[in-house]
Asks: 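This is the structure I want to talk about, given as structure tokens.
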Amino acid sequence: MSNWYMLTLVGADKPGIVANITKTLYEADCNLGEASMNRLGGNFTVMVMINTEHSENAVKEKLALPCKDQELHFHIDKIEGKLHNHHVPDISIIVSGADHAGIVAQVTNALYDAGLDILDLNSDVAGSEDKPIYICQIDGQAQDGIKALEAAIIPLREKGIDISLREIETMVG
Amino acid sequence: MSIKEILTYPDSRLKQESSEIEKFDALLQSIIQDLEDTMAEGPGAVGIAAPQIGYPIRSVIVDVSSRKKIKHHGHLVLINPEITEWHGLKTGREGCLSVPDFTGNVVRAEKIKLNAYNQLGESMNFEMEGYEARAVQHEIDHLDGLLFLDRLVSRKNDLFKRKNYK
Ligand SMILES: [Zn+2]
């Protein structure tokens, strides 16, 4: 019987790291499911679903040495592998500003109260060191309709938060 | 007249180029009926191409009239469709009956000019934009053996990240 695990890997970003990791997983008898890799603040990060016959401890043992060689921290959780069940976002939200203290918390809480189910969130700090710009992109589903979200962003805008909302219409053909 | 099975990736027939239709005969009409019936069964599809049900001929159906607040030309049966002009580019999210449980961003022309025949063999011209233009481009890709998977762009491409120029 095979099991699903969520493997999290964090380390310094270096050339070839994805190739190394996928080879390591392949050699450890782990098949890949959905994965998300990001470079965050110069660090390599990946969360990847792995499917394997091995037990959690056996996977840990197999990964310990190659991860040490590649200077990667790793963490494993047993999960349920629910594939083939993607949710399609119908709304995309962009939040930006010079100062990000508390912006995301305010925005996500207000939108949650208005029925937003967040499916994907990416945020970035751009600009320069002395003039950082914070940019956050959220994709989600408007469970209570888009009008509810449009109403919810008005008070946020009044507080000076730059926030825009765009409907995503997925074309299936 | 029947609902056909929709071929799904990686079926090699989806990668074939479809051939021009020369006869507007009873066989063509029955294939179009199969397309109509199969599209009506599909979950929320606004278009379908003959090769998706196993007929490698240049025929598609596009009907985006169920969408609110957009310009469209109603229910269209397009035979030998050909785009003659492309204007502007826009990223949008697409899915495909032949690629279940996956959606992704694709860049398409925002406005197009299109020549095609209807199922009686009468020549038609259209100027299309937005969602309808996207649907037509997606379906014509099927006739050329292309899937939207071939055109995926990064989901982060929406926002331009400016480089620092020093
Ligand atoms: Zn398609």
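In what follows, chains carry the letters A, B, and so on, assigned in the order in which the sequence lines appear, proteins first and then strands, with residues in each chain numbered from 1. Since the model is a prediction, treat every value here as computed from it, not as a measurement.
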Asks: Among A:Ile168, A:Val88, A:Val172, find the one that has a side-chain contact (heavy atoms from CB on, under 4.5 Å) with B:Thr103.
Replies: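 Output: one option passes, namely A:Val88.
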Asks: Quick check: is B:Leu146 connected to B:Val106 through a chain of hydrophobic side chains (ILVMFWY, heavy atoms under 4.5 Å apart)?
Replies: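 Different hydrophobic clusters.
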Asks: Would you say that more than 12 heavy atoms from the other residues, nucleotides or ligands in this model lie under 6.0 Å from the NZ of B:Lys90, or not?
Replies: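 Atom NZ in B:Lys90 is not crowded, with 12 or fewer foreign heavy atoms closer than 6.0 Å.
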Asks: Please determine whether the number of non-hydrogen atoms from other residues, nucleotides or ligands lying under 6.0 Å from atom CD of B:Glu5 exceeds 12.
Replies: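 At most 12 heavy atoms, drawn from other residues, nucleotides or ligands, come within 6.0 Å of this atom.
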Asks: Do B:Leu114 and B:Ile32 sit in the same hydrophobic cluster, where Ile, Leu, Val, Met, Phe, Trp and Tyr count as joined when their side-chain heavy atoms come under 4.5 Å apart?
Replies: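 In one cluster with B:Leu114: B:Ile32, no.
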Asks: For the pair A:His86 (side chain) and B:Phe102 (backbone), establish whether a donor and an acceptor sit closer than 3.5 Å, ignoring hydrogens and angles.
Replies: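 No, the answer is negative, given that no donor and acceptor are paired below the 3.5 Å cut-off.
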Asks: Taking atom OH of B:Tyr117 as the centre, report whether more than 12 heavy atoms of other residues, nucleotides or ligands fall under 6.0 Å from it.
Replies: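 No, the 6.0 Å shell around OH holds no more than 12 heavy atoms from other groups.
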Asks: Just checking heavy atoms, which of residues 65-85 of chain A are less than 4.5 Å from chain B?
Replies: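 Within residues 65-85 of chain A, the residues under 4.5 Å from chain B are A:His84, A:Asn85.
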Asks: Give the intermediate values and the outcome of side chain to side chain contact (heavy atoms under 4.5 Å, CB included) for residues B:Arg93 and A:Met171.
Replies: CA-CA 6 Å; B:Arg93 205 174 182 98; A:Met171 195 292 298; over 6 Å; no
Asks: Please determine whether a side-chain nitrogen of the Lys or Arg among B:Arg67 and A:Glu169 lies less than 4.0 Å from a carboxylate oxygen of the Asp or Glu.
Replies: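 Looking at B:Arg67 and A:Glu169, the cut-off is met.
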Asks: If you count every heavy atom of other residues, nucleotides or ligands that lies below 6.0 Å from B:Glu22 atom CD, does the total exceed 12?
Replies: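 No, not enclosed.
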Asks: So for B:Glu94, is it side chain, backbone, both, or neither that comes closer than 4.5 Å to the heavy atoms of chain A?
Replies: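 For B:Glu94, heavy atoms of backbone and side chain both lie under 4.5 Å from chain A.
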Asks: Going only through I, L, V, M, F, W and Y residues with side-chain contacts under 4.5 Å, is there a path from A:Met49 to A:Leu63?
Replies: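 No, because A:Met49 and A:Leu63 fall into different hydrophobic clusters, even though each may have its own neighbours under 4.5 Å.
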Asks: Linking I/L/V/M/F/W/Y whenever their side-chain heavy atoms sit closer than 4.5 Å, directly or via other members, would A:Leu32 and A:Trp4 fall into one cluster?
Replies: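 Shared cluster, no.
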